[in-house]
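Taking it in order: structure first as structure tokens, then the write-up.
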Amino acid sequence: MGESTPYPAAVLDTVGAVDPDVRDALAAERRRQDDTVVLIASENIASPAVMAASGSWFTNKYAEGYPGKRYYGGCQHLDACEDLARQRACELFGADHANVQPHSGTQANLEVYGAVLKPGDTILSMSLDHGGHLSHGHPVNFVGQVFRIVRYGVRREDERLDIDEVARVAHAEKPRLIVCGASAYSRTIDFEAFARIAKEVGAYLLADIAHIAGLVAAGLHPSPVPHADFVTTTTHKTLRGPRGGMVLCKGEHKKALDKSVFPGQQGGPLGHVVAAKAVAFKEALAPAFRDYQRAVIANAARLAERLAARGYRVVSGGTDNHLFLMDLGPRDLTGQAAETALDAVGITVNKNMIPYDPRKPMDPSGIRIGTPTVTTRGMGLAEMDQIADLIDRALTARADPAASAAVREQVQALCARFPLWGGA
Ligand code: DSN
């Protein structure tokens with residue numbers, strides 16, 4: 001993760017001189033991240049360079065518009081950063097065009113809808129409770145109120161995407177847009193098959209790769225870029241950049257997309273985050289990034305395998321990517337109880353619905369486990385074996401404070417061996 005730097009200490013000192021309360025919260029958060037095994041599949045640890053760029057002078061700058069065509073003066077240096085970010089994103093993913101201004105993954109999806117859909121149009125997307133995302137359309141979400149949403153999911157037998165169902169629903173419902181991509185799906189997605197179906201029914205195809213973008217950039221998951229009209233992603237998950245979003249598209253959609261982002265749905269871009277995206281894409285273009293993504297996948301596979309060997313049910317029987325779901329039902333536990341028990345020993349996961357879950361979203365049957373963060377810290381297969389053991393012991397010992405305390409101690413010892421940013 002680069003050389004030691006005084007960066008984090010400088011942040012605490014600078015903030016502390018003005019606001020000791022916020023300084024204390026920042027210091028405590030840093031300690032929390034250092035002292036816990038974070039297995040939240042959508043989180044990662046951005047590099048000091050990414051963090052520094054996103055806390056930089058562009059915070060002070062307004063720059064509505066795009067490089068060379070802004071509504072404000074003084075944008076020349078942000079133009080340089082935004083051009084770098086766009087060029088690097090295109091190089092990284094082999095895309096025709098990139099818009100790096102979306103503030104988040106949800107915003108990126110809304111901006112694609114704005115580029116090609118009218119209110120009332122039909123979107124075909126993956127059910128939220130089978131692994132999809134709120135912004136792909138759901139009754140509690142704005143997308144579900146503005147568009148007509150039809151669904152596909154995974155098969156009950158093997159918990160894998162049912163491409164025949166996608167085709168069946170697409171032909172019956174004639175959606176204007178098909179969304180593929182997921183937040184909690186551990187298997188390879190066949191983007192080419194989705195593109196075939198989209199073509200058959202005359203729909204646009206959007207691939208949301210927020211979770212697997214790093215794997216795609218590294219060539220370790222098939223890319224949707226040759227097949228989809230639009231590809232959206234966040235920049236902070238496996239991609240390991242600053243918190244934000246991005247849209248890639250075919251050249252023919254460039255104008256409509258850029259117009260939908262600004263002035264369609266956003267005002268001034270977050271220039272500091274755009275600069276940090278440029279830095280992150282440069283990091284992702286380096287050969288070490290591919291090694292990192294390889295290790296993320298190997299770690300997830302190993303952790304899933306070791307937990308399965310201890311009798312836990314892994315949804316779909318394993319994983320091809322950076323995450324997997326574990327069904328706690330067979331252990332007479334709920335996702336919430338497991339999340340709480342693991343939290344108590346310093347292992348952070350999130351409760352998650354599993355496909356065909358008989359329970360409710362706030363107290364589902366599963367937890368979601370991912371390896372991007374622990375892998376960034378340098379943990380490997382031996383540590384995955386240890387983490388599987390610690391998870392099993394924490395869940396088994398949840399009513400025994402002494403046993404939980406012993407697990408907590410071992411979690412802390414493990415974390416101390418792999419400090420954030422190598423201890424910087
Ligand atoms: N919150 C993200 C995740 O955890 O997958 C999706 O937006």
Side-chain angles (χ1 to χ4, degrees), residues 33 36-46 102-113 123 125-144 149 153-154 161 179-187 189 206-216 221 230-247 265 273 277 293 296-297 300 303-304 315-316 319-326 335-336 338-339 342-343 347-355 357 361-376:
Q33 291 186 18
T36 52
V37 167
V38 174
L39 297 172
I40 305 241
S42 47
E43 294 183 359
N44 210 327
I45 304 166
H103 303 322
S104 70
T106 289
Q107 192 75 60
N109 287 336
L110 293 175
E111 286 156 355
V112 171
Y113 306 153
I123 296 176
S125 59
M126 190 176 192
S127 294
L128 180 62
D129 52 2
H130 284 206
H133 190 260
L134 270 178
S135 65
H136 299 174
H138 189 277
V140 302
N141 185 275
F142 191 61
V143 176
I149 309 299
V154 300
L161 254 172
V179 184
C180 53
S183 281
Y185 183 67
S186 64
R187 295 303 184 173
I189 297 176
L206 160 61
D208 178 345
I209 59 165
H211 264 266
I212 57 168
L215 280 56
V216 171
H221 186 292
F230 299 92
V231 175
T232 53
T233 184
T234 51
T235 48
H236 50 273
K237 295 188 175 95
T238 50
L239 204 45
R240 207 165 60 181
R243 191 154 286 269
M246 171 169 75
V247 185
Q265 299 193 44
V273 181
K277 286 172 183 168
Q293 298 296 342
V296 167
I297 294 171
L303 192 49
V315 168
S316 86
T319 176
D320 303 325
N321 59 26
H322 63 298
L323 65 75
F324 58 93
L325 296 174
M326 216 160 75
Q336 179 62 67
E339 181 189 300
L342 292 172
D343 212 24
I347 298 175
T348 311
V349 301
N350 63 281
K351 57 182 171 288
N352 215 100
M353 296 284 274
I354 58 166
D357 202 323
M362 278 313 285
D363 192 12
S365 298
I367 54 175
R368 189 182 62 166
I369 293 180
T371 51
T373 298
V374 288
T375 309
T376 291

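In this chain, residues are counted from 1 in sequence order. As the structure lists them, so they are numbered: ligands from 1, and atoms in each ligand from 1.
At distances below 3.5 Å, at least one donor-acceptor pair connects side-chain atoms of Glu339 with backbone N or O atoms of Lys351.
Qualifying ring pair (Phe, Tyr, Trp, His ring centres under 6.0 Å) partners for His130, counting only residues two or more places apart in sequence or in other chains: Tyr356. In this structure Asp357 satisfies the side-chain hydrogen bond (donor to acceptor under 3.5 Å, both in side chains) test together with Ser365, sequence neighbours excluded. Judged as a salt bridge (Lys or Arg N to Asp or Glu O under 4.0 Å), and not counting sequence neighbours, Asp129 has no contacts.
Side-chain polar atoms of Thr376 and Arg240 form a donor-acceptor pair below 3.5 angstrom. Between the side chains of Asp208 and His133, no donor N or O sits under 3.5 Å from an acceptor N or O.
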Which protein N or O atoms sit under 3.5 Å from any N or O of ligand 1? Give atom names and distances.
from	atom 1	to	atom 2	distance (Å)
ligand 1	4 (O)	Ser42	OG	2.7
ligand 1	4 (O)	Arg368	NH2	2.7
ligand 1	5 (O)	His211	NE2	2.7
ligand 1	5 (O)	Arg368	NH1	2.9
ligand 1	7 (O)	His133	NE2	2.7

